[in-house]
A.B. asks: 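The following block contains the structure, expressed as structure tokens.
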Amino acid sequence: MLALSLAVAPVIAQEAKYAPKEAFTPAEFGAAVVTQHKGIFGGQKLDYTATVAPYIVKDKTGRDALSVVTFAYVAKVKDASKRPVMFVFNGGPITPALYLQMGAFAPQRVAISPDITADPKTAPLIDNPDSPLDATDIVFIDPAGTGYSRPLPGTDLKDWFSVKADGDEFAQTITAWMKANGREMSPVYVFGESYGTIRAPQIMKDLAEAEKPLTLGGVILFGQAANIVDYVQHPTNIISYVVSLPTLAATAWYHRAVDRKGLSLGAFVDEARAFADNEYLPALYKGDLITPADKAAVAAKLAEYTGVPAQYYLDNRLRLSKEGYRRLLFKDRNLILGQSDTRYVGPAASGDPSSVVPRVYEASFAVYRRDVLKLDGKPTYLTASPVDDEIGAGWSYGGADSPFVDYPFYAMIGDALKKQPNMKIFVGNGYFDTQTTVGAAELLLKQSGWPRANTRLKLYEGGHMAYSNPQALAKISADVRAFVKGDN
């Protein structure tokens, strides 16, 4: 995975460990598999078709290079010609979209217990009335080397390990799906999560600048990393500590490690954010020139919002990283907070107690594919990322092998806006996510240069995969539904 674990799901307990033989000897998916279903979505009864089908992606020479398999859910309505289509993918840089299928938007999902335990034995598949299928058709894309998607003979998968090539793969897949399904007049929405929020700007730019551009309704950046270079934590990047404070405060509020002062989560975080903007940032900027009295006052406030003693901040130049906080808050009990979701707590040796969540989705997706989508007899479904396997190579971020470079990820959305100025932008984030934080999302909208009328920001009571909290999922789905309908 990328530095700082950008992936939506770590490579753990994989359903099918990636193997070089599987990567370079493609197993053909074959003909599309189509099944018919009924459900209630957004309070509306719908018949819908689930189609799992491959689409061909070409390389720069025009040769067939990849077979990309999508999972599409299309409602049966009288006239679908202009009905929105939302294309959905996870991060990685390369992981399949099963997590967003099973966790959020498929017509059935995994029921993660509201008490945040995540056990495959107690997490059944249930109907998902929160799926926004009543408002938009939904297509999940698994990049080549994951799921059923494969490089074709003669293709070196590593040639597609870059922001540019990966974006081209997705843009071609979206265009091919729209054409094959007679939906060229439908507005396109793109939903990317984690690394998918770096992928999404490239896709939007490619689609907007295409010879025959599709109509771009909007882009959803969920658990966004598009400005990751701005908030990566190292001692001299003072802005990173400022934008991380709201997440530390939300975590302390959740675990009652601080005096909540009778405030709701949102109100408590708002108060911490105001302190971060107006007092904490100036104090960090002063550095060693800050007076002892001012330093003590800021340290006391940091303790008030994070639950970490003021003396720690005095001893560490008012700085505490997100990773340090995970290990420090309950150090006296030898416990660690989850990295992707700080609501989870476990033994310090566990590393990331929140990593149980993707395991549940992977296990349930195997059952869903077999029993609901009737995909028995198809090739092995790959959940591990080939980028991290022994066949993997470095992922190229504009010529570098790290996302922490000055590369214009979010600026590409600005490029798309020049071509399609009505395109909307939705940024969503979980309060308890230490990887892609709420403060970083707010920083993106402050610094992006996008028209404010085109953007909206929504925060949810969950982690990196905030939809694992059923209450948050209901809000996320309602917001996505409103977004594609133009109601917000």
Side-chain angles (χ1 to χ4, degrees), residues 8-9 11 13-37 39 48-58 64-74 87-90 92 94-110 120 125 128 131 133 137-155 157 160 169-170 172-174 176-177 180-181 358-387 389 391:
V8 168
V11 181
Q14 297 295 349
E15 181 186 332
K17 185 65 178 175
Y18 204 88
K21 181 176 68 174
E22 184 74 36
F24 290 95
T25 307
E28 296 293 338
F29 181 81
V33 177
V34 182
T35 51
Q36 306 298 329
H37 308 270
Y48 67 93
T49 300
T51 303
V52 184
Y55 293 88
I56 297 299
V57 169
K58 296 181 181 294
D64 292 353
L66 306 173
S67 173
V68 177
V69 176
T70 66
F71 290 70
Y73 301 94
V74 176
F87 293 88
V88 180
F89 42 83
N90 278 94
I94 300 182
T95 53
L98 74 89
Y99 310 101
L100 281 163
Q101 281 206 68
M102 289 293 90
F105 299 135
Q108 291 187 343
R109 67 171 178 86
V110 176
L125 276 170
N128 184 15
S131 171
L133 191 56
D137 295 326
I138 308 170
V139 183
F140 298 89
I141 303 176
D142 292 341
T146 73
Y148 296 125
S149 301
R150 301 289 190 269
L152 295 174
T155 296
L157 189 59
W160 297 84
E169 174 186 342
F170 276 73
Q172 284 195 51
T173 301
I174 290 168
W177 190 96
N181 290 275
R359 291 192 188 115
V360 175
Y361 292 145
E362 290 166 8
S364 297
F365 193 53
V367 176
Y368 179 72
R369 293 197 315 272
R370 181 194 67 208
D371 295 347
V372 178
L373 300 182
K374 310 301 181 184
L375 291 169
D376 269 359
K378 291 300 179 182
T380 302
Y381 189 91
L382 302 173
T383 57
S385 171
V387 178
D389 198 82
I391 69 159

A.B. asks: Measure across Val139 and Ala72 and return the closest heavy-atom pair with its distance rounded to 0.1 Å.
C.D. replies: CG2-CB, 3.9 Å

A.B. asks: Using side-chain heavy atoms (C-beta onward) and a distance below 4.5 Å, is Phe170 in contact with Phe87?
C.D. replies: no

A.B. asks: Under the side-chain hydrogen bond (donor to acceptor under 3.5 Å, both in side chains) rule, collect the residues that match up with Gln101, sequence neighbours excluded.
C.D. replies: Tyr73

A.B. asks: Give, for atom CG of Asn90 and atom CG of Leu100, the distance between the pair rounded to the nearest 0.5 Å.
C.D. replies: 4.0 Å

A.B. asks: Using the test ring pair (Phe, Tyr, Trp, His ring centres under 6.0 Å), find all partners of Tyr361 that sit at least two apart in sequence or belong to another chain.
C.D. replies: none

A.B. asks: Please find out if less than 6.0 Å separates the ring center of Phe365 from that of Tyr381.
C.D. replies: yes

A.B. asks: Heavy atoms, side chains only, cut-off 4.5 Å: are Leu66 and Arg150 in contact?
C.D. replies: no

A.B. asks: Any non-hydrogen side-chain atom of Val69 less than 4.5 Å from a side-chain atom of Val52?
C.D. replies: yes

A.B. asks: Check whether any side-chain heavy atom of Pro386 sits under 4.5 Å from a side-chain heavy atom of Ile94, and report yes or no.
C.D. replies: yes

A.B. asks: Okay, side chain of Ser131, backbone of Asn128: is any donor-acceptor separation there less than 3.5 Å?
C.D. replies: no

A.B. asks: Would you call Pro358 and Tyr99 a side-chain contact if the rule is heavy atoms closer than 4.5 Å?
C.D. replies: yes

A.B. asks: Is the shortest heavy-atom distance from the side chain of Ile138 to the side chain of Val88 under 4.5 Å?
C.D. replies: yes

A.B. asks: Checking Ser149 side chain against Ala144 main chain: does a donor-acceptor pair fall under 3.5 Å?
C.D. replies: no

A.B. asks: Residues in salt bridge (charged side-chain N to carboxylate O under 4.0 Å, His left out) with Asp142, at least two apart?
C.D. replies: none

A.B. asks: When you check the side-chain N and O atoms of Gln36 and Tyr48, is any donor under 3.5 Å from an acceptor?
C.D. replies: no

A.B. asks: Look up atom OH in Tyr148 and atom CG in Leu382, then write down how far apart they are to the nearest 0.5 Å.
C.D. replies: 10.0 Å

A.B. asks: With a 3.5 Å distance limit and no angle check, can you tell me whether Gln172 reaches the backbone of Lys58 through a side-chain donor-acceptor pair?
C.D. replies: yes

A.B. asks: Could you list the residues that satisfy salt bridge (charged side-chain N to carboxylate O under 4.0 Å, His left out) with Lys374, not counting sequence neighbours?
C.D. replies: none

A.B. asks: To the nearest 0.5 Å, what is the distance between OG1 on Thr51 and CG on Asn181?
C.D. replies: 7.5 Å

A.B. asks: Once you round to the nearest 0.5 Å, how far does CG of Asp376 lie from NZ of Lys378?
C.D. replies: 11.0 Å

A.B. asks: Is there a donor-acceptor contact under 3.5 Å from the side chain of Ser385 to the main chain of Val387?
C.D. replies: yes

A.B. asks: Residues two or more places apart in sequence or in another chain: which of them pass salt bridge (charged side-chain N to carboxylate O under 4.0 Å, His left out) with Asp371?
C.D. replies: none

A.B. asks: CZ/Phe89 to OG1/Thr95 distance, rounded to the nearest 0.5 angstrom?
C.D. replies: 11.0 Å

A.B. asks: I'd like to check Leu375 versus Arg370 (side-chain heavy atoms, cut-off strictly below 4.5 Å). Are they in contact?
C.D. replies: no

A.B. asks: How many angstroms lie between OG in Ser364 and CZ in Arg369, if you round to the nearest 0.5 Å?
C.D. replies: 11.0 Å

A.B. asks: Can you give me the closest heavy-atom contact between Ala384 and Thr146, atom names plus distance?
C.D. replies: O-CG2, 4.3 Å

A.B. asks: Within a strict 4.5 Å, meaning less than it, do heavy atoms of the Thr49 and Val34 side chains meet?
C.D. replies: yes

